Structures are given as structure tokens and as C-alpha cells.
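Each chain gets a letter, A, B and so on, in the order its sequence line appears, and its residues count up from 1. Note that this is a predicted model, so its numbers are computed, not measured.
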Amino acid sequence: DTGVSQNPRHKITKRGQNVTFRCDPISEHNRLYWYRQTLGQGPEFLTYFQNEAQLEKSRLLSDRFSAERPKGSFSTLEIQRTEQGDSAMYLCASSAGQGTNYGYTFGSGTRLTVV
Amino acid sequence: AQSVTQLDSQVPVFEEAPVELRCNYSSSVSVYLFWYVQYPNQGLQLLLKYLSGSTLVESINGFEAEFNKSQTSFHLRKPSVHISDTAEYFCAVIPSGGYNKLIFGAGTRLAVHP
């Protein structure tokens with residue numbers, strides 16, 4: 001098992017373009033989280049999946065953002081009509097059950113730069 | 001709502017000196033407490049956690065943290081740091097109930113100098 005994998009590692013896009021990121025969690029983990037980390041700040045929660053169901057979304061997740069987890073395996077995070085303020089590191093984490101008991105494994109993140 | 005405050009954005013220290021990274025939290029419900037470390041170009045790694053029981057928790061690489069409920073603090077300490085401890089450290093909480101989402105502080109950059 002290679003841990004949580006995120007692709008791409010880096011993405012540079014022009015303002016107004018759409019981008020999609022992918023997260024492959026540890027195979028037996030049923031819980032998946034997306035976070036966003038801007039420079040000088042800690043990660044901020046975006047959304048949470050339990051299997052394929054999206055159970056919670058932060059108010060930070062505007063209508064330009066959409067996340068999916070078809071079949072409860074990998075997840076994608078899409079940003080439409082990107083803005084410069086979307087530039088950040090997008091982190092994915094997964095856990096086997098309640099993270100307090102089983103722990104969370106984080107991926108290395110996708111760094112998005114909007115120019 | 002819950003929040004986490006890390007009082008120092010940067011902490012410079014010389015090798016083999018002691019260090020304390022401060023963390024305070026605010027919550028109307030009970031919380032679980034965590035410290036994560038992020039080395040350059042790597043993902044977040046769990047350093048230690050407090051769920052219940054003894055208020056002093058330790059990591060395998062010499063860090064320790066003490067949960068102080070009356071002061072709502074969870075400060076991280078190490079008696080003697082190494083160059084390899086240079087990293088960003090994040091304090092985080094999970095409020096009881098809900099979906100176990102982590103709420104992070106802004107982070108403290110520990111810079112260990114020779």
C-alpha cells in the first residue's frame with residue numbers, strides 16, 4: 001500500500017479555466033476528506049465522504065467547486081471558472097473509520113496556481 | 001464553533017535546546033486533540049494525539065504534549081531538538097460528535113539552527 005495518492009502534484013492554470021484533481025485513498029478506507037491550505041494557514045476543511053455519500057460540505061465550497069466519489073473509491077475535486085483566490089494546496093485524507101480511533105492518512109497534496 | 005490558536009507563527013531555536021510550541025483551542029463541546037508535522041514537500045503526519053486518559057502524551061521521537069482542560073491548551077514540547085525537527089507543526093482538534101473533521105491552527109514553523 002503506497003498511502004494516499006494525489007494527482008497532479010502541481011497544476012498551473014489560467015483564470016477562468018476548469019481544473020480537476022484526483023485522490024486515491026488507501027484501499028480499505030471508507031472515509032475521505034478534502035482540505036485546502038493557503039500560504040501561512042493551516043488546512044481548512046472542504047468536504048467529507050463516507051463511501052460514496054458526500055455527508056458534509058463547508059461553506060468554503062462555493063458552487064464553482066464540486067466533489068465526487070463514485071463507487072466509494074477514488075475521489076475528484078473540480079473547480080470551475082478558476083479565480084486567483086483558488087490558488088492553494090488541496091489536500092486529501094482518508095481513514096478506515098472514526099479518525100480518532102483509526103487515524104488519518106494525508107496525501108502530499110495538489111498545488112494549484114491560478115495565473 | 002471551534003477554533004485553534006497557535007500563538008507563534010515561527011520559532012527559531014538552536015540545536016539541542018528545549019522548545020515549546022503553544023496551542024490553545026476554543027470549543028463549546030469536548031474535543032480530541034492532535035499535533036501534526038509537515039516536512040517540506042511532504043504530507044501531514046500525525047505526531048501525537050490525546051483522546052482520553054493520561055493528559056500527558058508522547059511521540060516516538062521525543063516530543064510530548066499535555067492536555068490542560070482548565071487552560072484549554074495542548075502545548076507541544078521537546079527537551080532537546082535536532083536539525084531534523086525543522087518543519088511546520090499544526091495543532092488540531094476534532095469536536096466530539098459530527099463527522100470527525102479536523103480543525104487546524106495556522107501552524108508554527110520550527111527552525112532548528114546548528
**Student:** Do A:Arg64 and A:Asp86 sit within salt-bridge range, that is, some charged N less than 4.0 Å from a carboxylate O?
**Tutor:** yes
**Student:** Is the shortest side-chain N to carboxylate O distance from A:Glu56 to B:Lys101 below 4.0 Å?
**Tutor:** yes
**Student:** If the plane angle is over 60° it's perpendicular, under 30° parallel, otherwise tilted; pick one for A:Tyr90 and A:Phe21.
**Tutor:** tilted
**Student:** So which part of B:Leu46 gets closer than 4.5 Å to some heavy atom of chain A, the side chain, the backbone, both or neither?
**Tutor:** neither
**Student:** Of the backbone (N, CA, C, O) and the side chain (C-beta and beyond), which part of A:Gln6 lies under 4.5 Å from a heavy atom of chain B, both, or neither?
**Tutor:** neither
**Student:** Can you tell which part of B:Gln38 gets under 4.5 Å to a heavy atom of chain A, answering side chain, backbone, both or neither?
**Tutor:** side chain
**Student:** Sort B:Leu102 into side chain, backbone, both or neither according to what part of it lies under 4.5 angstrom from a heavy atom of chain A.
**Tutor:** both
**Student:** Who wins among A:Arg111, A:Glu44, A:Met89, A:Gln41 for the most heavy-atom pairs under 4.5 Å with chain B?
**Tutor:** A:Gln41
**Student:** Does the pair A:Glu52/A:Arg69 count as a salt bridge with the N-to-O cut at 4.0 Å?
**Tutor:** no
**Student:** I'd like to know if the side chain of B:Asn24 and the backbone of B:Thr5 have a donor-acceptor N/O pair within less than 3.5 Å.
**Tutor:** no
